[in-house]
Amino acid sequence: MSSKKLLPPKTGDLSDWYTSVIALADLADYGPAKGTMIIRPYGYAIWERVVSELDAEIKLKGVDNAYFPLFIPMSLLQKEADHVEGFAPELAVVTHGGGEELEEKLVVRPTSETIMYQSYSKWVQSWRDLPILINQWNNVVRWEKRTMPFLRTSEFLWQEGHTAHATHSEAEEMQMWGIKTYAKIYRDFFAMDGYEGYKSKSERFAGADNTLTYESLMPSGKALQACTSHDLGQNFSRPFDISFQDKEGVMQNVWQTSWGFSTRSIGGLVLAHGDDNGLRLPPKLAPIQVIIVPVKPQDSGLVEYCKKLYDALNGQVRVKIDMRDDESFGYRLNKWEVKGVPLIFKIGNKEAEAGQVTAKRRFDGIDVAIDAS
RNA sequence: CGGGGAUUGGCGCAGUUGGCUAGCGCGCGCGGUUUGGGACCGCGAGGUCGAAGGUUCGAGUCCUUUAUCCCCGACCA
């Protein structure tokens, strides 16, 4: 009957609370190399939910997925001056391969503009080749000085969309679509409101004419840059020579955009919705939406009742039964609370006899009796 | 990059002015009693103390070198 709290209060040291929740909810571990993170199955399941929703939106817009290499030759990265200057301090560079020093150093991609646009320059000849609408889901590396799980890690997962258009207005429309889509995902799936707007000149993406951002307020009082969408103008199409003949036969450079949404969003989710009892997940992103917890997993009658509930729900919602009989009832309840499961079904003889369930709502902590029929 | 802290079983820690077989809690395994909000008893497995070198009869404790991680600030999805 111990009442000791394993989790420090959210209102205390927020950073302490944050890292504790990440660990206790089995979202992630620290990797052995500085600033790296191991995303555990439960944390990855949340990301998979995000990927599946955002990917559907991207495809709906007519953007195709592709994959470009992890390694970028140094010379390629250096083609756009602002871009290389912006990223130089945080590059991971490969100097050796196969036991020998490389003729040309390779950069582990911090973002893929350069390596993708080299291809774009080959693929675009005519106005008929436009627009190019390509997205990729991948990992990128930025050697950050200061790191924090999900919010800022040396390596992170994201999607990066890269488009090329015949006109600036078309590119602007695309950039706007990017931030609107992200905002929609944040509002509808993360249940996180935020502010859409332009970044100041000093904060905009290295190589962009302007950057649209969606920023959400965190409990620390700081805004989290949740995702960005850039108007690249012709800053890359000129050095990379991405040009085409328009309908009048005039050579022109393309207008480009890029936009990204990363695993940082999971960190924002934890910060925005977590409480003193741990994580609270919005149902649309929760890997498990309903957890059925029998008071006595040894009681075969009770288990049978739970399985009937499970069968009725399975397929409609993401549901699991917690059958561990070596953990006390209270321990199991707290375990799922920390993990942020939206609904916890507490099932004992009382419920089985009445044909009901007692559902604990994670978001407000209230017990509700529901008829099981 | 600047400032702090740390490194001892899986995790969190203790280990005095150097001294016996390196401890404790949690977790883990086995057995039993329990089970409506983080249960309990018994038995048990598991570490050579971040790394390298040195001082000493003797080093987790002292010295030198070194590696790594975490936290706090300025910069970034």
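A:K320 forms no cation-pi arrangement with A:Y310, by the criterion of a distance under 6.0 Å to the ring centre and an angle within 45° of the ring axis. A:W158 carries A:R142 over the face of its six-membered ring, with the cationic atom under 6.0 Å from the centre and within 45° of the normal.
Taking atom C1' on both B:G9 and B:G3, the two are 33 Å apart, rounded to the nearest angstrom. Going from the P atom of B:G19 to that of B:G25 covers 23 Å, rounded to whole Å. Taking atom P on both B:G4 and B:G60, the two are 29 Å apart, rounded to the nearest angstrom. A gap of 16 Å separates the C1' atoms of B:C69 and B:G12, to the nearest Å. Taking atom C1' on both B:U33 and B:G50, the two are 43 Å apart, rounded to the nearest angstrom. Annotation: B:U16 and B:C20 have their P atoms spaced 11 Å apart (nearest Å). B:A51 and B:U8: their P atoms are spaced 10 Å apart (whole Å). Only the P atoms considered, B:G2 is 36 Å distant from B:A59, to the nearest whole Å.
Nearest heavy atoms, A:D193 versus A:S216: O-OG, 2.7 Å.
Applying the 5.5 angstrom centroid cut-off and the 30 degree plane-angle cut-off, the aromatic ring of A:F156 is stacked upon the base of B:A77.
A donor-acceptor contact under 3.5 angstrom links the side-chain atoms of A:Q298 to the base of B:U35. Below the 3.5 angstrom threshold, one finds no donor paired with an acceptor across the side chain of A:E327 and the base of B:G38. Residue side chain A:E351 reaches the base of B:G36 through a donor-acceptor N/O pair under 3.5 Å, judged by distance alone. Remark: the A:K346 side chain and the B:G37 base include a donor-acceptor N/O pair separated by less than 3.5 Å. On a pure distance criterion of 3.5 Å, no polar donor-acceptor pair joins the side chain of A:S328 and the base of B:A39.
Taking CD1 of A:I242 as the reference point, atom CG of A:N253 lies at 8.0 Å (rounded to 0.5 Å).
Residue-level contact check: A:K199 touches neither bases nor backbone, having no heavy atom under 4.0 Å from any strand. Within 4.0 Å (heavy atoms only), A:S202 reaches sugar-phosphate atoms of the nucleic acid but no base atom. Among the protein residues, A:A33 comes within range of the sugar-phosphate backbone only, with heavy atoms under 4.0 Å from sugar or phosphate atoms but none that close to a base.
The A:K34 side chain lies nearest to B:C69 when the options are B:C71, B:C69, B:C76. For A:K296, counting side-chain heavy atoms from C-beta on, the closest listed nucleotide (B:C70, B:G36, B:U35) is B:U35. Looking at the side chain of A:V295, the nearest of the listed nucleotides B:G38, B:U35, B:C69 is B:U35. With distances taken from any side-chain atom of A:R142 to the nucleotides B:A77, B:A39, B:C71, the minimum falls on B:A77. When the nucleotides B:C75, B:G37, B:C71 are ranked by their closest atom to the side chain of A:R152, B:C75 comes out on top. Distances from the side chain of A:M148 to the nucleotides B:G38, B:C71, B:C75 place B:C71 closest.
Electrostatic pairing of A:D64 and A:K59 does not count as a salt bridge here, judged by no charged N lying under 4.0 Å from a carboxylate O.
Within the structure, a side-chain polar atom (N or O) of A:R146 is placed less than 4.0 Å from OP1 or OP2 of B:G73. One finds no side-chain N or O of A:T358 lying less than 4.0 angstrom from the OP1 or OP2 phosphate oxygen of B:G36. The side chain of A:Y331 places no N or O atom within less than 4.0 Å of a non-bridging phosphate oxygen (OP1 or OP2) of B:U34.
Between A:K145 and A:T263, the one whose closest nucleotide on RNA chain B sits nearer the 5' end is A:K145. Between A:K350 and A:Q225, it is A:K350 whose nearest contact on RNA chain B lies nearer the 5' terminus.
To the nearest angstrom, P of B:G5 lies 18 Å from CG of A:D16.
For the strand RNA chain B, secondary-structure stems (runs of at least three Watson-Crick or G-U pairs, all distances below 3.5 Å) span B:1-7 with B:67-73, B:10-13 with B:23-26, B:28-33 with B:39-44, B:50-54 with B:62-66.
Between A:H162 and A:Y117, the ring planes are perpendicular. Angles over 60° get that label, and only those under 30° would be called parallel. Relative ring orientation between A:W47 and A:F261 is described as parallel, the plane-to-plane angle staying below 30° on a 0-90° scale split at 30° and 60°. Ring planes of A:F68 and A:W123: tilted class, angle from 30 to 60°.
If you look at A:H168 and A:W255, their ring centroids are closer than 6.0 Å.
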